[in-house]
Amino acid sequence: MPNDRDDHGAILVWFRNDLRIADNPALRHAADSGRPVICLYIFDETPGVRPMGAASLWWLDKSLKSLDESLEKLGNKLMLRRGVAAEVLDEVLRQTGATGVLWNRLYDKASTDRDMAIKTRLRAAGIDCQSFNASLLTEPWEIKNGAGQPYKVFTPYWQAAREHLTDVVVEDAPKSLRSLGHLPSSERLADWRLNPTKPDWSKGFDLWTPGEAGALARLDDFLSGSVSGYGEKRDLPGVEATSRLSPHLHFGEIGPRQVWLAAREAQAPRGEIDKFLSELGWREFNHAILFHWPDLPARNFKPEFDGFPWARDDAAFKAWTRGQTGYPIVDAGMRELWATGFMHNRVRMIVASFLIKHLLIDWREGEAWFWDTLVDADLANNAGNWQWVAGSGADASPYFRIFNPIAQGEKFDPRGTYVRRWVPELAGVPDDVIHKPWTRPLHLPAAAKRLYSRPIVEHDHARARALEAYHSL
DNA sequence: AGAGATTTAGC
DNA sequence: CTAAATCTC
């Protein structure tokens, strides 16, 4: 009775940040229906949905290509359309006669507003419309404290969340995907011009392999190698000891359930595995906070910060973005970001603290820069982490914790390995002054003297000024 | 997931 | 005396 199945129409799978075929419940559900499946990615222009930054667009380009190749192996392909999502869906439904639309959920307000409106409207029109969870270990609304409220502190949140994770399940990729006989036209990926207009900028991004295969390889590499020394080495930017899964997780090339299960089965000490998994916990926490406090990217989580006397200093901001602050660890981080679309986590905290506390520049300006330049730019994590550093966020670092960029450098990059990699003009500076080259100008090689400038603010002065600003609240 | 000053424990 | 623990911002 094959024709019988066709009578029910095709199912449309709307891909978003779930660019994978394994552990993808919407895709799996469509495949299991036995009906033809239309795989659609919409370059969404719905007003209010934050446009991706330049580094994200670079990544998206490769990830979509990779997903299309995976789908072709299953006998299907990825259809691309650009426009306002609701209108694009209407058009594709009309062109294909599909009778069902499935997707995996997103959790920011612009997306949930859009998706709820679409779901209500499509269901009223008789379209079978369902959403699934591909992106999080637990749904944000599932984890509540004793008073029925969402947690605002990470440790009790993660403790409660872990109790929900007794039967984490991963679904295999479908073996095949029926396709529609006559698929309406797709736009061409190249026409979207997702690569940066300055091609030189992304030259150094080749350390990444966007796409599902690259994500799985990265996870495997990490779990069979550096996770063993994770607790000790994860804070050392000169050592490659972190997983670097963040962009893959953001685009959903791999899901947190896959990471969770693989980590639990890895041959490594339990303590190290748990430390790594608690980083997944922060990802869950940030998404839950964003879901319950949708203004997180724009407004202080703690409203008492609303009166903070931020400085307007374009020259200082520019120096920060270019890695020209005169503090080697800060400059190394900002240059790693520019060169690779990524920055080591420890250094993210240092550069963010520097922008907010040494320069007194609003965390939202830093958040916007990261949004544009990070390949792992993620609304929940980016906003949550910037507010964490600023002291204005949920379970944030107290404002008066002001990182000393010299001490942080000496503690976490003691031999200057990281600094020398990203600030080559300091290559010949001896270890004992690599994080404070201005203190012994006579000992500096000519290149360092000529090319590396003095700090744009003096640490003790900036620290005192930041504390004063904080106390003015 | 600070920094810096001060106190205390252990020798 | 030193290093760890404690306190304060």
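Proteins get letters first, then strands, A, B, ... in listed order; numbering begins at 1 in each.
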message: Below 30° counts as parallel, above 60° as perpendicular, anything between as tilted: where do the rings of A:W338 and A:W369 land?
response: parallel

- request: Would you mind classifying the nucleic acid contact of A:E279 as base, sugar-phosphate or nothing, using non-hydrogen atoms under 4.0 angstrom?
  value: base

query: Is the centre of the A:F317 ring less than 6.0 Å from the centre of the A:W320 ring?
result: yes

message: Rounded to whole Å, please give me the gap between CD in A:Q408 and P in B:dG4.
response: 10 Å

query: Separation of A:Y470 atom OH from B:dA3 atom P, in whole Å?
result: 17 Å

message: Tell me whether A:R50 forms a cation-pi arrangement with A:W371, defined as NZ or CZ under 6.0 Å from the six-membered ring centre and within 45 degrees of its axis.
response: yes

- prompt: Is A:E425 paired with A:R335 through a side-chain N to carboxylate O contact shorter than 4.0 Å?
  reply: yes

Distance in angstrom units between A:K411 NZ and B:dG4 P, rounded: 11 Å

- prompt: Counting only side-chain N and O atoms of A:N404, is one of them less than 4.0 Å from OP1 or OP2 of B:dG2?
  reply: no

query: B:dG2 P sits how many Å from A:E410 CD, rounded?
result: 16 Å

message: Do the side chains of A:R114 and A:D108 get close enough for a salt bridge, i.e. N-O under 4.0 angstrom?
response: no

message: Is A:R346 close enough to B:dG2 that one of its side-chain N or O atoms is under 4.0 Å from OP1 or OP2 there?
response: yes

What does the list of N/O pairs under 3.5 Å between the protein and nucleotides 6-9 of chain C look like, with a distance for each?
none

Aromatic ring pairing A:F308/A:F305, orientation class (parallel under 30°, perpendicular over 60°, tilted between): parallel

query: For residues 229-249 of chain A, which residues have at least one heavy atom under 4.0 Å from DNA chain B?
result: A:R234, A:D235

query: Are A:R420 and A:W422 in a cation-pi setup, meaning NZ or CZ lies under 6.0 angstrom from the ring centre and within 45 degrees of the ring axis?
result: no

salt_bridge(A:R299, A:D306) N-O dist < 4.0 Å: yes

